[in-house]
Amino acid sequence: MMAKKKYTDEHIDYLREISPGRYNDEVTKLFNERFGMNVTEMAIRTLRQKHGIKLGVPKSRVQYSIEQLAYLQELSAQGLFNAEITRLFNKKFGTKRTEIAIQQQRCKYGFKTDARYYWQKGHTPWNKGKKGMSYEGMEATQFKPGNRPHTWVPVGSEVITKDGYTKIKVAEPNKWRLKHR
């Protein structure tokens, strides 16, 4: 079992002093430099929470500039798909944002796109006028008269249900009755 680290009042007071307006990684770096320790970000975060010390900064650093948001709106208005919007956005601003991150920002600010995966008006489907789904050589694999499915059992077969009752097959195609009846 690992020994718990002991933090003094001096440690806690210093954390209170440096935390406002800084992110966890910066607070951890300052803390370790001041006390010559090697404490992890998670340990600092836990210590802050335990003593009610707030950072006072937004939880997410991912922020979009006015220019980036305007470009997102412009791309969305063009009716492009998410993948294309993301590719163009990252190319223009030299970022590595994911498709989901871009989509979330578009949803957050209400930038809708007309791009949809559906047939346009007047489109003729490839199977229009064909009867059923068929392909060459399919007839050889279809059921023939007299063929039975692999789950077929003869009349008189007994099966135990999940409730523990015994059922008997009394007629075709699938007429079953409980044995105790």
Side-chain angles (χ1 to χ4, degrees), residues 1-138 140-141:
M1 186 162 95
M2 283 182 55
K4 280 185 156 183
K5 290 188 179 184
K6 301 287 183 185
Y7 297 102
T8 64
D9 290 338
E10 183 185 1
H11 292 140
I12 307 304
D13 291 339
Y14 184 67
L15 260 184
R16 279 198 174 90
E17 178 187 324
I18 65 170
S19 288
R22 291 193 170 103
Y23 288 100
N24 272 323
D25 57 348
E26 190 178 356
V27 171
T28 305
K29 183 180 173 209
L30 290 170
F31 186 87
N32 285 333
E33 286 173 359
R34 166 83 184 265
F35 297 107
M37 299 172 78
N38 192 19
V39 180
T40 64
E41 259 186 70
M42 187 59 78
I44 292 293
R45 183 180 298 133
T46 304
L47 186 62
R48 279 189 317 90
Q49 288 173 346
K50 182 178 176 183
H51 292 281
I53 302 169
K54 304 252 186 229
L55 291 176
V57 291
K59 288 185 181 181
S60 172
R61 290 189 197 190
V62 178
Q63 296 176 357
Y64 292 76
S65 68
I66 306 279
E67 180 188 0
Q68 289 174 328
L69 291 174
Y71 189 62
L72 265 183
Q73 187 173 19
E74 178 188 324
L75 290 176
S76 298
Q78 292 176 15
L80 301 173
F81 287 101
N82 285 327
E84 185 66 12
I85 291 172
T86 305
R87 188 185 68 72
L88 291 171
F89 182 89
N90 285 333
K91 183 178 177 184
K92 178 170 181 168
F93 295 106
T95 60
K96 293 182 180 179
R97 304 276 164 82
T98 64
E99 207 174 306
I100 292 172
I102 295 291
Q103 184 178 1
Q104 286 173 342
Q105 287 301 311
R106 285 185 34 250
C107 288
K108 179 179 177 180
Y109 292 100
F111 303 151
K112 296 188 179 185
T113 181
D114 292 334
R116 299 280 182 267
Y117 288 105
Y118 62 85
W119 301 114
Q120 300 297 325
K121 189 172 183 177
H123 174 78
T124 306
W126 66 271
N127 60 348
K128 181 176 181 178
K130 297 193 179 207
K131 197 167 185 176
M133 296 296 289
S134 63
Y135 53 89
E136 196 173 318
M138 184 178 107
T141 63

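Keep in mind that the numbers below use all heavy atoms, side chains included, and drop hydrogens, waters and symmetry copies. These numbers were taken from a predicted model, which means no experiment stands behind them.
Shown here for Ala43 and Tyr7, the closest heavy-atom pair between the two residues is CB-OH, 4.1 Å. Of all heavy-atom pairs spanning Ile12 and Ile53, the tightest one is O-CD1, 4.1 Å. Closest of all the heavy-atom pairs between Ile102 and Arg97 is CD1-CB, 3.9 Å.
In this structure, CD in Gln49 is found 12.0 Å from CD1 in Ile44, a value given to the nearest 0.5 Å. Rounding to the nearest 0.5 angstrom, the gap separating the NZ atom in Lys29 from the CG atom in Asn24 is 15.0 Å. For the atom pair NE2 (His51) and CG (Leu15), the distance works out to 8.5 Å, reported to the nearest 0.5 Å. Between the CD atom in Gln105 and the CD1 atom in Ile100 there is a gap of 13.0 Å [rounded to 0.5 Å]. Here CD of Gln103 is found 4.5 Å from CG of Asn82. Values are rounded to the nearest 0.5 Å. Taking OG1 of Thr86 as the start and NZ of Lys96 as the end, the distance is 15.0 Å to the nearest 0.5 Å.
The side-chain heavy atoms of Thr28 and Thr40, taken from C-beta on, include no pair separated by under 4.5 Å. Counting heavy atoms from C-beta on, the side chains of Arg22 and Leu30 come closer than 4.5 Å. Taking 4.5 Å as the limit, every side-chain heavy atom of Leu72 sits out of range of all side-chain heavy atoms of Gln68. Counting heavy atoms from C-beta outward, Pro20 and Lys54 have side chains that stay 4.5 Å or more apart.
Here the side chain of Thr113 pairs a donor or acceptor atom with the backbone of Leu80 at under 3.5 angstrom. Distance alone, capped at 3.5 Å, is enough to place a donor-acceptor pair between the Arg106 side chain and the Phe111 backbone. A donor-acceptor pair under 3.5 Å is absent between the side-chain atoms of Glu84 and the main chain of Phe81, judged by distance alone. Judged by distance alone, with hydrogens and angles left aside, the side-chain atoms of Asn32 form a donor-acceptor pair with the main-chain N or O of Val39 at under 3.5 Å.
When the side-chain contact (heavy atoms from CB on, under 4.5 Å) test is applied to Arg34, the partners found at least two apart in sequence or on another chain are Glu10, Tyr14. Evaluation of the salt bridge (Lys or Arg N to Asp or Glu O under 4.0 Å) rule for Arg16 yields no partner, not counting sequence neighbours.
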### Chi angles and distances behind the ring pair (Phe, Tyr, Trp, His ring centres under 6.0 Å) call for Phe93, Tyr71
CA-CA 10 Å; Phe93 295 106; Tyr71 189 62; 5.7 Å; yes
### Query
Do Arg48 and Ser19 pass the side-chain contact (heavy atoms from CB on, under 4.5 Å) test, and can you show the C-alpha distance, the side-chain angles, and the key distance before you say yes or no?
CA-CA 9 Å; Arg48 279 189 317 90; Ser19 288; 3.6 Å; yes
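Taking the six-membered ring for Trp and the full ring otherwise, Phe31 and His11 have centroids separated by under 6.0 Å.
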